[in-house]
**Student:** 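The following block contains the structure, expressed as structure tokens.
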2 protein chains.
Amino acid sequence: MDIREIARRAKVSTATVSRAINRVPTVDPQLAKRVWRVVDELGYYPNTQARALVLGRTRIFGLIVSEITNPFFPEIVQTFEDLAVENNYEILLTSTVHDPKRMESSVRRMIERRVDGVAILTFGMEESLIEHLRDRKVPLVFVDVGPDVPGIANIRINYLSGIRQAVQHLAAMRHTRIAFIAGPEHLKSAGARREAFKTSMMEIGLSPDLVVIGDHRMEGGMNALLELNKMSARPTAVMCSNDMTAIGVLREAYEQNIKIPDDLSVVGFDDIHLAEFTIPPLTTVQMSQHGLAEIAFNALLNEVDNSTSSREQHSYELVTSLVLRKSTALARGVGSAITPEKSNRTTRHRKAAESTAR
Amino acid sequence: MDIREIARRAKVSTATVSRAINRVPTVDPQLAKRVWRVVDELGYYPNTQARALVLGRTRIFGLIVSEITNPFFPEIVQTFEDLAVENNYEILLTSTVHDPKRMESSVRRMIERRVDGVAILTFGMEESLIEHLRDRKVPLVFVDVGPDVPGIANIRINYLSGIRQAVQHLAAMRHTRIAFIAGPEHLKSAGARREAFKTSMMEIGLSPDLVVIGDHRMEGGMNALLELNKMSARPTAVMCSNDMTAIGVLREAYEQNIKIPDDLSVVGFDDIHLAEFTIPPLTTVQMSQHGLAEIAFNALLNEVDNSTSSREQHSYELVTSLVLRKSTALARGVGSAITPEKSNRTTRHRKAAESTAR
DNA sequence: AAGCACTTGGAAAACGTTTTCCAACTTACG
DNA sequence: CGTAAGTTGGAAAACGTTTTCCAAGTGCTT
């Protein structure tokens, strides 16, 4: 069933049907109504491929993520989809699972399907692939790419703001041996978090060298804690490069019968929804997934519409900030005279929060 | 850059380029190589819209899920995508978030984009919508639709197998007051789980009436436990309609200082990856997400290829089974003479597992 | 040398739209 | 009544492929 069929039945030309469907204002309302009636009766849906072919626009945005099974991403995907529905776009979702082959095939698929833009939320992608896309003039949004790739909209994440708050929060609770569980070494974003940790620690005169490498998964968090436990001078607090790592730490601590937060304070990064439901609830650095998705989508939209004009706002920034829950407490041995009763601890907590969170 | 450009540069006809690209065996290898060289040099990618238009196949499968932010689904999406990549398909992913409007727009989008098939992994979808798709002869796979919709491939899930194991496992540990936290009332799949629980309980002469309604989210699990606590005769064990609910229960128990599993045994359903990392690790009923996705994808593939022949295998079954971890234990008061020392408890656990799991 | 089988190219139709051009028609206004 | 302005329809081009038809070319067999 095509537009010609509709034209025949409504006794108008295909041109008129097209105009009616696309709500061109010049068309007579009476006529338009007649067309719409036939469309509804027959359950006609325009063929988007054909439309895309002539328009040179597919109304599809590509979205490349690292790993859809990491709970960080579904929230982004959901927001992205909400916006897509609102703006009549589709999403072509691709998950690279850290595999260079998959990254390549992702890019190929995006090009083959002629998406109108791509948001890249995976890290460690070959520069040549990015250039491949850029050379085709596909609008791109990127998270955290260095300043070295010109002509690409970039969402910079201010890791320092939140991580500094976290470190100061821990220091305020008398922690001095604070470890960091980093992400995979090749990940730029993981490197940036680590850098921010280092900076924050040095600012307040603490040693930033207690670092062990994780993988941004729960498994890595478990292993990292094992690692940390082997050390002669064990840390009393640990910052994790993301929440999944922190969940792993919590889990391994349970296994080892290490009490959180009494024996060890832990703070995560990302503030995924789950962080509110861990045991104990996770103190973590918030990086709004909703905000990230929104910025990415709008950047793309912007770039598609004003394809020629306004190439200005090419860089966006997302700040991070600490959210306090229950996985951090006074360092061991400090204030041990006070009964570690639950409500008490919470109160102290809140105080510390106020002193550092602003 | 189109196929004509390639033809010109390779000094062959567009017909030959098309044949070469699609690996039609009759074309001379020499010539094919020449064509491919030009293709690579120019970085040419065939336009899939144009191809779809003439072929009448888009090589896109629709995938409709309830809620991508529920960790149950990303694993399915990942497997689905793996298979899509392997078979040169794309996925059009849609998340209905339990909103009838979104369900409608999902279906509309699938039709507009002319997907080659749709896997419906959302529940409580209007029958009229499904018929809308079926009337268009879009191949469909469905999870758990009743036997009332003919002409649609259906994946039936054997909830009973796993739930019966779980109930018997609990009974073997001397639990008699076993509660069930159900899913949203309108969900067919949630209803089926509840039915399976009821059946299993009655089989062994226990009352199946201790039921409270949840929402398949962590929040609902928390509320449900609150509810349960108000009861005069509190349950000693609780089965949850899905793992997210169980995670909520664990969380609220922590809040209430109820020890899991000593004070309360809890078992989940789904066996999401996360279930291994809760505190304590969650005993749960496994329903392979990987298997589900695989069946769904292959069913679709099958239906597209043999569009006319073999309409046989229209129903698939997925069995469920209990996986034992640490969130269940002997009922309180039973064998309390034994010191509840950790390794001991684990051993008992394993034994119970063996007696019921087969 | 003739005949045959196979490969190749040229041309064109087809897929389902949007859009342009021009002509024809309607309406409103002076 | 004549004219201008606006709406509508018909026809056709365009988007980028695949595929079919037919004719021409190539190499092999007899």
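Atom set for the values below is all heavy atoms of this structure, side chains included, hydrogens, waters and symmetry mates excluded. Predicted model, so just to flag it, every value in this text is computed and none were measured. The chains referred to below are lettered A, B, ... by the order of the sequence lines, with proteins before strands, and numbering in each begins at 1.
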**Student:** Hey, can you tell me if B:His98 and B:His186 have their rings parallel, tilted or perpendicular (30° and 60° cut-offs)?
**Tutor:** perpendicular
**Student:** List the protein contact pattern of nucleotides 18-23 of chain C with one symbol per nucleotide (5' to 3'): B for base contact, S for sugar-phosphate-only contact, - for none; contact means a heavy-atom distance under 4.0 Å.
**Tutor:** SB----
**Student:** Give the intermediate values and the outcome of side-chain contact (heavy atoms from CB on, under 4.5 Å) for residues A:Ile60 and B:Arg113.
**Tutor:** CA-CA 10 Å; A:Ile60 301 178; B:Arg113 296 282 170 176; 3.4 Å; yes
**Student:** Quick one: which of B:Arg108, B:Arg109, B:Arg114 gives a salt bridge (charged side-chain N to carboxylate O under 4.0 Å, His left out) with B:Glu112?
**Tutor:** B:Arg108
**Student:** When the distance from CZ of B:Arg4 to C1' of D:dA14 is rounded to whole Å, what number comes out?
**Tutor:** 9 Å
**Student:** Check A:Ile6, A:Val35, A:Ile3 against A:Ser18 for a side chain to side chain contact (heavy atoms under 4.5 Å, CB included) and give me the one that passes.
**Tutor:** A:Ile3
**Student:** Kindly point out which of D:dT17, D:dG9, D:dC15 is positioned nearest to the side chain of A:Leu53?
**Tutor:** D:dC15
**Student:** How close or far is atom P of C:dT27 from atom CG of A:Leu31, stated in whole angstroms?
**Tutor:** 12 Å
**Student:** For B:Ala50 and for B:Arg34, locate the closest nucleotide of DNA chain C by heavy-atom distance; then report the residue assigned to the nucleotide nearer the 5' terminus.
**Tutor:** B:Arg34
**Student:** Residues two or more places apart in sequence or in another chain: which of them pass salt bridge (charged side-chain N to carboxylate O under 4.0 Å, His left out) with A:Asp2?
**Tutor:** A:Arg4
**Student:** Name the one of B:Leu129, B:Val118, B:Thr94, B:Ile120 that satisfies side chain to side chain contact (heavy atoms under 4.5 Å, CB included) with B:Val107?
**Tutor:** B:Leu129
**Student:** Tell me which of A:Val12 and B:Gln49 sits closer to the 5' end of DNA chain D, going by the nucleotide each one is nearest to.
**Tutor:** A:Val12
